Amino acid sequence: MSCGISKAVFLEQEAPRLENWLNKNQHGQMSYMENNFDKRLNPTLLVDGAKSVVSLLLNYYPSEIQNQESYKISKYAYGQDYHSVIKDKLKELLYSIQENIGAVDGRAFVDSAPILDKAWAAKSGLGWIGKNSNLLTQQVGSFYFIAELIIDLELEYDYATTDHCGTCTACIDACPTEAIVAPYIVDGSKCISYFTIELKENIPAEMKGKLDDWAFGCDICQDVCPWNKFSKPHSEPLFNPNPELLSMTKKDWEEITEETFKTVFKNSAVKRTKFEGLKRNIDFIK
């Protein structure tokens, strides 16, 4: 796990970018992105008296990946749902701070509130936001979760690092749906992850043949990123996949029953798309 600390202030640079992204409707049907605009940019609206944003990264890169002759799910969804796993770790960290320092008020965030995770992680020097809009690091690439503790304790702050994407356009060139519309700008409404997780209606017909066998999420722009050559397997047992997942073939996916779905993806983020959603995705791409 990596940790970086930023001063809890209004995110001035991100405000116009977020506004522009929303105005261009690049969030598609993710209407929740329109809510709490001010809270997304100002941590003091999330925690009274906030002084510091403690950003944390937790690696999820697996030691084994799915059978190649299979429909694919994002690596982050292999094991147990990261929300609950990381939330427990953050609560322990906050408790440890309180035990050692005294009365410290704060709140833990894991994708669970209006907060710009990547912006805070970049501000605290944990990496830079790449052309695929993911947070990249020179040490371990980008396969990790980002979480925060916002606390009312003043700390020593870290500095942002520099951008190391250079002239590379691997992620832009590899995206089959052309969702990376310009360097550092992803049109969320064109992303395979959006179609297979967020979209509740039918997947648009023009996407037929472009989903590259992704049944839940997509890792293409991370898989092709040169910095991910440095990814190392995680050491969190709760992120290990159900062994059945790794051996499933396309036939197994196509014939999956609700009972098998519940067994293989028990406590997994894949449950977010529900059994019907997963079936819809598979029927569309097969």
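A quick note: this is a predicted structure, and the numbers were derived from the prediction, not measured. Scope of the values below: all heavy atoms of this structure, side chains included, with no hydrogens, waters or symmetry mates.
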For the residue pair Y157 and S52, confirm or rule out a side-chain donor-acceptor distance under 3.5 Å. yes
Is there a path from L116 to L58 through hydrophobic residues (I, L, V, M, F, W, Y) whose side chains come within less than 4.5 Å of each other? yes
Near F10 CZ, under 6.0 Å, is it more than 12 heavy atoms from other residues, nucleotides or ligands? yes
Does the T273 side chain pair with the main chain of T196, one donor and one acceptor, at a distance under 3.5 Å? yes
Side-chain contact test, heavy atoms from C-beta onward, threshold under 4.5 Å: evaluate it for L57 versus L135 and give yes or no. yes
Verdict with supporting geometry, E14 and K123, salt bridge (charged side-chain N to carboxylate O under 4.0 Å, His left out): CA-CA 11 Å; E14 281 71 18; K123 200 173 170 63; over 6 Å; no
So, do L46 and R107 sit near enough that their side-chain heavy atoms are less than 4.5 Å apart? yes
Given the rule in the side-chain contact (heavy atoms from CB on, under 4.5 Å) test, do V264 and I256 qualify, once you have shown the distances and angles that lead to the verdict? CA-CA 10 Å; V264 175; I256 193 169; 5.7 Å; no
Just checking, any donor-acceptor pair under 3.5 angstrom between side chains of S142 and W227? no
When rounded to the nearest 0.5 angstrom, what is the spacing between CG in N240 and CD in E64? 9.0 Å
Please tell me whether F216 and F265 form a close aromatic pair, meaning their ring centres lie under 6.0 Å apart. no
Going by heavy atoms in the side chains, are V224 and N132 under 4.5 Å from each other? no
Of the non-hydrogen atoms in I282 and A215, which two are nearest, and what is the gap between them? CG1-CB, 4.2 Å
Should we count CD of E276 as having more than 12 external heavy atoms under 6.0 Å? yes
Main-chain N/O of I185 paired with R17 side-chain donor or acceptor, under 3.5 Å: no
Can D219 and S74 be counted as having a side-chain donor-acceptor contact under 3.5 angstrom? yes
Within the distance-only criterion (no hydrogens, no angle test), does the side chain of Y76 pair as donor or acceptor with the backbone N or O of I73 below 3.5 angstrom? no
Using the rule that Ile, Leu, Val, Met, Phe, Trp and Tyr join whenever any side-chain heavy atoms are under 4.5 Å apart, tell me whether V53 and I101 fall into a single cluster. yes
Starting at CE of M248, measure out to CD of Q66 and round the result to the nearest 0.5 Å. 8.5 Å
Are I203 and L211 side-chain neighbours, meaning at least one heavy-atom pair lies under 4.5 Å? yes
Is it the case that atom CD in E69 sees more than 12 heavy atoms from other parts of the structure closer than 6.0 Å? no
Donor-acceptor pair, K210 side chain versus C175 backbone, under 3.5 Å? no
Is there a path from L94 to F145 through hydrophobic residues (I, L, V, M, F, W, Y) whose side chains come within less than 4.5 Å of each other? yes
So, the side chain of N100 versus the backbone of S96: is there a donor-acceptor pair under 3.5 Å, distance only? yes
Decide side-chain contact (heavy atoms from CB on, under 4.5 Å) for I65 and K75; before the verdict, give the C-alpha distance in whole Å, the side-chain angles of both, and the deciding distance to 0.1 Å. CA-CA 8 Å; I65 60 167; K75 296 175 189 68; 4.0 Å; yes
With distance as the sole test, does D105 use its side chain to make a donor-acceptor pair with the main-chain N or O of D152 at under 3.5 Å? no
Can you check whether I197's main-chain N or O pairs, donor with acceptor, with K200's side chain at less than 3.5 Å? yes
Just by distance, do the side chain of D163 and the backbone of C165 share a donor-acceptor pair under 3.5 Å? yes
Salt bridge flag under 4.0 Å for residues R272 and D81: no
Within this structure, what is the NZ-OH distance for the pair K89 and Y82, rounded to the nearest 0.5 Å? 15.5 Å
Beyond-backbone contact of K279 with K274, side-chain heavy atoms, under 4.5 angstrom: no
How about K87: does its NZ atom have over 12 heavy atoms from other parts shown lying under 6.0 Å from it? yes
From CG (D252) to CD (E244), nearest 0.5 Å: 8.5 Å
Does Q138, at its CD atom, have more than 12 non-hydrogen atoms belonging to other residues, nucleotides or ligands within less than 6.0 Å? yes
Which atom names give the shortest non-hydrogen contact between L278 and W253, and what distance separates them? CD2-CZ3, 3.8 Å
Min side-chain heavy-atom separation L246-Y78 under 4.5 Å: yes
Could you check whether any side-chain heavy atom of I146 comes within less than 4.5 Å of a side-chain heavy atom of L126, counting everything from C-beta outward? no
Would F143 and H234 count as a side-chain contact (heavy atoms from CB on, under 4.5 Å) if you check the C-alpha gap in whole Å, the side-chain angles of each, and the deciding distance to 0.1 Å? CA-CA 10 Å; F143 288 104; H234 65 78; over 6 Å; no
Return the minimal non-hydrogen interatomic distance between S6 and S124, and the atom names on each side. OG-CB, 3.1 Å
Does a side-chain heavy-atom distance below 4.5 Å link K250 with K286? no
Which residues, ordered by chain and number, are linked to I172 in its hydrophobic cluster, where ILVMFWY side chains connect at heavy-atom gaps below 4.5 Å, directly or through other members? I180, V186
Are V47 and W120 in one and the same hydrophobic cluster, where Ile, Leu, Val, Met, Phe, Trp and Tyr link if side-chain heavy atoms are under 4.5 Å apart? yes
Distance check, rounded to the nearest 0.5 Å: F230 atom CZ versus L136 atom CG? 12.0 Å
Establish, for the pair K232 and Y61, whether the NZ or CZ atom is under 6.0 angstrom from the six-membered ring centre and no further than 45 degrees off its axis. no
For K229, I'd like to know if atom NZ has over 12 heavy atoms of other residues, nucleotides or ligands within 6.0 Å. no
With a cut-off of 6.0 Å (strictly less than), are more than 12 heavy atoms of other residues, nucleotides or ligands near CG of D48? no
Indicate if I220 and Y184 have the same hydrophobic cluster label, given that clusters are the connected sets of ILVMFWY residues with side-chain heavy-atom separations under 4.5 angstrom. no
Working note: V104 + Q98, criterion side-chain contact (heavy atoms from CB on, under 4.5 Å); need CA distance, chi angles, decisive distance, verdict. CA-CA 6 Å; V104 175; Q98 290 164 337; 4.2 Å; yes
For residues E148 and S55, report the shortest heavy-atom separation together with the two atoms involved. CG-OG, 4.1 Å
Using a distance-only test with no angle check, is there a side-chain donor-acceptor pair under 3.5 angstrom linking E254 and Y71? yes
Could you point out which residue of L238, L56, D111, V110 forms a side chain to side chain contact (heavy atoms under 4.5 Å, CB included) with I86? V110
Check: E259 main-chain N/O paired with T263 side-chain donor or acceptor under 3.5 Å: yes
For residues P204 and L199, report the shortest heavy-atom separation together with the two atoms involved. CD-CD2, 3.9 Å
When rounded to the nearest 0.5 Å, the distance separating CD of E206 from OG1 of T177 is 11.0 Å
Residues sharing V9's hydrophobic cluster, by side-chain heavy-atom contacts under 4.5 Å among ILVMFWY, directly or via others? none
So, for S70 and D213, which heavy atoms are closest and what is the spacing to 0.1 Å? O-CB, 4.4 Å
Would you check if the side chain of K131 reaches a backbone N or O of C168 as a donor-acceptor pair within less than 3.5 Å? yes
Between N228 and S231, is there a side-chain donor-acceptor contact under 3.5 Å, judged purely by atom types and distance? yes
